[in-house]
**Student:** 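One structure follows; several queries about it will come next.
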Amino acid sequence: MDKIVISVSSNEIQICERIGYGSYGVVHKALWQTELEVITIALKIIEDKSQDSETEKIRFEKNILREIENLQKCTHPNIITLYGVSKYSDNICLLFEYADCGSLYKFLHRTKREVSMDERIDWMLQCAKIVIHFMIVYMMTISRFHTIRYCVGCCNVPRVWSTCMEKT
Ligand SMILES: Nc1ncnc2c1ncn2[C@@H]1O[C@H](COP(=O)(O)OP(=O)(O)OP(=O)(O)O)[C@@H](O)[C@H]1O
């Protein structure tokens with residue numbers, strides 16, 4: 001993990017409850033003490049699942065680096081911001097903007113609230129804008145999208161937090 005630049009000291013982070021689990025590892029709600037204020041974040045603790053094989057370790061590090069580089073390129077109001085990278089007991093951690101309404105998938109499938117036609121159209125438009133943004137940012141480097149997942153922040157604004165793209 002030598003190539004990954006650590007930008008935030010773990011002393012600045014206070015880990016709170018676990019909010020989810022993904023293919024990279026566990027995600028916690030956390031508080032980040034910046035110079036100016038305390039910010040609520042989603043802290044993704046990356047688990048090194050590569051066994052002892054050197055080739056696997058190199059591939060794993062490459063994937064993490066690519067994820068970080070991709071996320072750093074994306075600055076868009078509908079894309080969850082990657083604030084920085086830290087280390088927590090030898091694990092790389094990614095500090096993300098916290099989407100306080102959780103997963104859009106869960107919102108759409110599990111919440112009982114009726115979603116009006118206007119809201120649907122608005123959300124679809126926002127999602128289309130995100131896809132266009134990705135296409136512009138990555139046009140030269142990717143051949144296809146695997147998946148794009150969304151969470152919803154306040155006012156139910158869809159925000160992408162996971163991109164899983166493949167390079168050509
Ligand atoms: N920025 C965030 N704000 C709020 N909750 C989040 C945020 N990021 C992740 N989560 C929560 O953590 C869970 C796991 O997210 P994570 O991105 O690790 O996995 P994933 O969506 O399955 O994607 P992948 O494993 O492919 O990266 C999500 O389902 C969501 O509930």
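Just so you know, these numbers come straight off a predicted model, no measurement behind them. Order of listing sets the numbers, starting from 1, for every ligand and every atom in it.
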**Student:** What's the shortest heavy-atom distance between Ser9 and Ser86, and which atoms?
**Tutor:**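 Taking every non-hydrogen atom into account, C-OG, 3.8 Å.
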
**Student:** Show the atoms of ligand 1 that are less than 4.0 angstrom away from any heavy atom in Tyr21.
**Tutor:** 13 (C), 14 (C)

**Student:** So which atom in Cys93 and which in Lys87 form the shortest heavy-atom distance, rounded to 0.1 Å?
**Tutor:**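 Taking every non-hydrogen atom into account, SG-C, 4.3 Å.
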
**Student:** At what distance, to the nearest 0.5 angstrom, does CD1 of Ile45 lie from NE2 of His28?
**Tutor:**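 So the gap between those two atoms works out to 4.5 Å.
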
**Student:** Between Ala99 and ligand 1, is there a nitrogen or oxygen pair with a distance under 3.5 Å?
**Tutor:**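 N/O-N/O distance below 3.5 Å exists for this pair.
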
**Student:** I need the atoms of ligand 1 closer than 4.0 Å to a non-hydrogen atom of Gly20, numbered in the order shown.
**Tutor:**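 Per the distance check, 12 (O), 13 (C).
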
**Student:** Just to be sure I read this right, does ligand 1 sit under 4.0 Å from the backbone of Ala42, its side chain, both, or neither, counting only heavy atoms?
**Tutor:**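 Side chain only.
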
**Student:** How close do Val85 and Val5 get, heavy atom to heavy atom, and via which atoms?
**Tutor:** CB-O, 3.6 Å

**Student:** Out of the candidates Glu37, Gln14, Glu12, only one should pair with Trp32 under the side-chain contact (heavy atoms from CB on, under 4.5 Å) rule; please name it.
**Tutor:** Glu12

**Student:** Which one holds for Ile19 and ligand 1: side chain close, backbone close, both close, or neither close, with close meaning a heavy atom under 4.0 Å?
**Tutor:**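 Under 4.0 Å from ligand 1, Ile19 contributes backbone and side-chain atoms.
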
**Student:** Roughly how far apart are Ser7 OG and Leu82 CG, rounded to 0.5 Å?
**Tutor:**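 So the gap between those two atoms works out to 7.5 Å.
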
**Student:** Considering only heavy atoms of Ser23, which atoms of ligand 1 have at least one such atom less than 4.0 Å away?
**Tutor:**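 Numbered from 1, ligand 1 contributes 24 (P), 25 (O), 26 (O), 27 (O).
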
**Student:** Can you name the atoms of ligand 1, numbered from 1 with element, that are less than 4.0 Å from a heavy atom of Lys44?
**Tutor:** 16 (P), 17 (O), 18 (O), 27 (O)

